[in-house]
**Student:** 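Before I ask anything, let me first share the structure, which is written out below as structure tokens.
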Number of protein chains: 2
Amino acid sequence: MTASRMNETQIDHILKHNQLSVTDSRKKILELFLSSNGALAHGDIEKKTGEKFDRVTVYRTLQVFMEKGIIHTIPTADNSVRYALCKDDCTEGHHHDNHVHFVCSSCGNTICLEDVTVPDVKLPKGFQPEEFQMVVTGVCRECQ
Amino acid sequence: MTASRMNETQIDHILKHNQLSVTDSRKKILELFLSSNGALAHGDIEKKTGEKFDRVTVYRTLQVFMEKGIIHTIPTADNSVRYALCKDDCTEGHHHDNHVHFVCSSCGNTICLEDVTVPDVKLPKGFQPEEFQMVVTGVCRECQ
DNA sequence: TTAATTTATGCAACTTTGTTGCAATTTTTT
DNA sequence: AAAAAATTGCAACAAAGTTGCATAAATTAA
């Protein structure tokens, strides 16, 4: 079993496990996320799929992946929405992501720092927290 | 001197201090920020100014305020860009904001938690941090 | 394996959001 | 009060995202 073959099995499994039809676009987009250790913007996906799929399909695929909890959005200071794979038991639409995200100001990539957990903070009385997200901007390893 | 009168003096001073012409739109938009303890999206501003100013003017005003360091953007998990007043000595375009932002999932408001500082985190080797931002999602004081 | 059913895709048309150039207006300077 | 500088609003555009619907593909049932 080759690496790509194994990858395809994994991809199919994720889709079926989430009760999604296995289609070319979904397989390809999911593969992109699996082979990228960072986060992807809608535009990145359109470019990397080589305009093989309609813009609308990409939008709808991301939407479905969000609903199923396969991916989640990452906050950025600029106006770009970035998506990243959910790790582990992220089966609901609601995602509680507890690692720090790093946005490189040089290459623009967003990297999930899996090993860096978001520290807890104390909030003033009356604020009921549901999710903590932390974004660090700076220069990444590749761009030093 | 009435409150509104004092406010106007304050507003004029901020604009002049930043070498900006004192115009109706800038005064009004700055007033909005001063009277709101949270962050504002472009759309909020358009609504609250009662469509008195052209969309382009609002965009350009926000842009200029950003350049002058009067306001800064706040990261959000959705695709909306939100702006908030810079406190204290934020005279450059580059802004290092060190307080936590709270986004209410009920009313949608973004509140600057001035008293809650962003905790430091250790990054893996090779990552050069420039700015740390933290966003907490949940239910705010008003919406409990 | 094929037919029936369900689901996803792609197209077109549209809305929303943001940008640019330029003439007219307003603000600031002299 | 006039000249110079800066800002505004308009129009036209570009980019980003959404919706309805017929076609095509994937899944289920026979």
Side-chain angles (χ1 to χ4, degrees), chain A residues 8-9 11-32 39-68 70-83 108 110, chain B residues 8-9 11-32 39-68 70-83 108 110:
Chain A
E8 194 177 327
T9 308
I11 288 168
D12 283 20
H13 174 258
I14 294 174
L15 291 175
K16 282 180 181 158
H17 182 259
N18 284 284
Q19 296 165 303
L20 294 174
S21 298
V22 178
T23 65
D24 282 357
S25 53
R26 287 176 182 170
K27 280 197 284 186
K28 182 67 188 167
I29 291 172
L30 192 46
E31 193 190 329
L32 272 181
L40 298 171
H42 173 93
D44 298 331
I45 294 161
E46 272 197 276
K47 277 170 211 151
K48 292 190 183 181
T49 51
E51 295 167 353
K52 200 183 166 191
F53 308 110
D54 195 87
R55 261 162 21 90
V56 180
T57 302
V58 177
Y59 279 115
R60 288 199 267 229
T61 302
L62 291 172
Q63 202 172 296
V64 167
F65 283 4
M66 284 280 291
E67 284 164 9
K68 293 295 183 178
I70 299 172
I71 58 173
H72 62 277
T73 53
I74 291 173
T76 55
D78 65 329
N79 56 347
S80 72
V81 194
R82 287 173 174 275
Y83 304 88
T110 302
Chain B
E8 193 176 326
T9 308
I11 288 169
D12 283 20
H13 174 259
I14 294 174
L15 291 175
K16 281 179 181 157
H17 182 259
N18 284 284
Q19 297 165 303
L20 294 175
S21 299
V22 179
T23 64
D24 283 356
S25 53
R26 286 175 181 170
K27 280 199 283 187
K28 183 67 189 166
I29 291 173
L30 192 46
E31 193 190 330
L32 271 182
L40 299 171
H42 173 93
D44 298 331
I45 294 162
E46 270 197 277
K47 277 171 210 150
K48 291 189 181 178
T49 51
E51 296 166 353
K52 200 183 169 194
F53 307 109
D54 195 87
R55 262 162 20 87
V56 179
T57 302
V58 178
Y59 278 115
R60 287 199 268 230
T61 303
L62 291 172
Q63 203 173 294
V64 167
F65 283 5
M66 284 280 291
E67 284 164 10
K68 294 292 184 182
I70 299 172
I71 58 174
H72 63 277
T73 52
I74 291 173
T76 54
D78 65 329
N79 56 347
S80 72
V81 195
R82 286 172 175 277
Y83 303 87
T110 302

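Predicted model, so just to flag it, every value in this text is computed and none were measured. Numbered from 1 within each chain, the chains take letters A, B, ... in sequence-line order.
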**Student:** Nearest 0.5 Å, please: how far is CG in A:D44 from CG in A:L32?
**Tutor:** 9.5 Å

**Student:** Between the opening five pairs and the closing five pairs of the helix from C:dT1-D:dA30 to C:dT30-D:dA1, how far apart are the helix axes, to 10°?
**Tutor:** 40°

**Student:** Can you work out whether B:V64 or B:V56 has the more 5'-proximal nearest nucleotide on DNA chain D?
**Tutor:** B:V64

**Student:** Just how far, in rounded Å, is P of D:dA16 from CD of A:Q63?
**Tutor:** 18 Å

**Student:** Would you indicate whether the side-chain heavy atoms of A:T61 and A:Y59 approach each other to under 4.5 Å?
**Tutor:** no

**Student:** Rounded to the Å, how far apart are B:E67 CD and D:dT7 P?
**Tutor:** 10 Å

**Student:** Nearest whole Å is fine: how far is C:dT9 P from A:K28 NZ?
**Tutor:** 15 Å

**Student:** Provide, to the nearest angstrom, the distance between the OH atom belonging to B:Y59 and the P atom belonging to D:dC10.
**Tutor:** 16 Å

**Student:** Do the side chains of A:K28 and A:F53 get nearer than 4.5 Å, heavy atoms only?
**Tutor:** yes

**Student:** Within this structure, what is the CG-to-P distance between A:D54 and D:dA24, rounded to whole angstrom?
**Tutor:** 15 Å

**Student:** Please determine if a side-chain N or O atom of B:T57 lies less than 4.0 Å away from the OP1 or OP2 oxygen of D:dG9.
**Tutor:** yes

**Student:** Does the side chain of A:R26 come within less than 4.5 Å of A:S21's, by heavy atoms?
**Tutor:** yes

**Student:** Check whether any side-chain heavy atom of B:Y83 lies under 4.5 Å from a side-chain heavy atom of B:L62, and answer yes or no.
**Tutor:** yes

**Student:** Are any of B:S25's side-chain N or O atoms less than 4.0 Å away from OP1 or OP2 of D:dT8?
**Tutor:** yes

**Student:** Tell me, do B:Q19 and B:K68 make a side-chain contact under 4.5 Å, heavy atoms counted?
**Tutor:** yes

**Student:** Is any N or O donor-acceptor pair between the side chain of A:R55 and the base of D:dG17 shorter than 3.5 Å?
**Tutor:** yes

**Student:** Grab the CG-P distance between A:L62 and D:dT18 for me, whole Å please.
**Tutor:** 10 Å

**Student:** Could you write out each protein N or O paired with an N or O of nucleotides 22-30 of chain C at a distance under 3.5 Å?
**Tutor:**
residue	atom	partner	partner atom	Å
C:dT28	OP1	B:V22	N	2.7

**Student:** To the nearest 0.5 Å, what is the distance between OG1 (B:T49) and CD (B:E31)?
**Tutor:** 11.5 Å

**Student:** Would you say A:L15 and A:H13 make side-chain contact, with heavy atoms under 4.5 Å?
**Tutor:** no

**Student:** Are the side chains of A:F65 and A:I14 in touch, meaning some heavy atoms are under 4.5 Å apart?
**Tutor:** no

**Student:** May I have the distance from A:L15 (atom CG) to D:dA25 (atom P), rounded to whole angstrom?
**Tutor:** 18 Å

**Student:** Send over the distance from A:H42 NE2 to C:dT17 C1', rounded to a whole Å.
**Tutor:** 15 Å

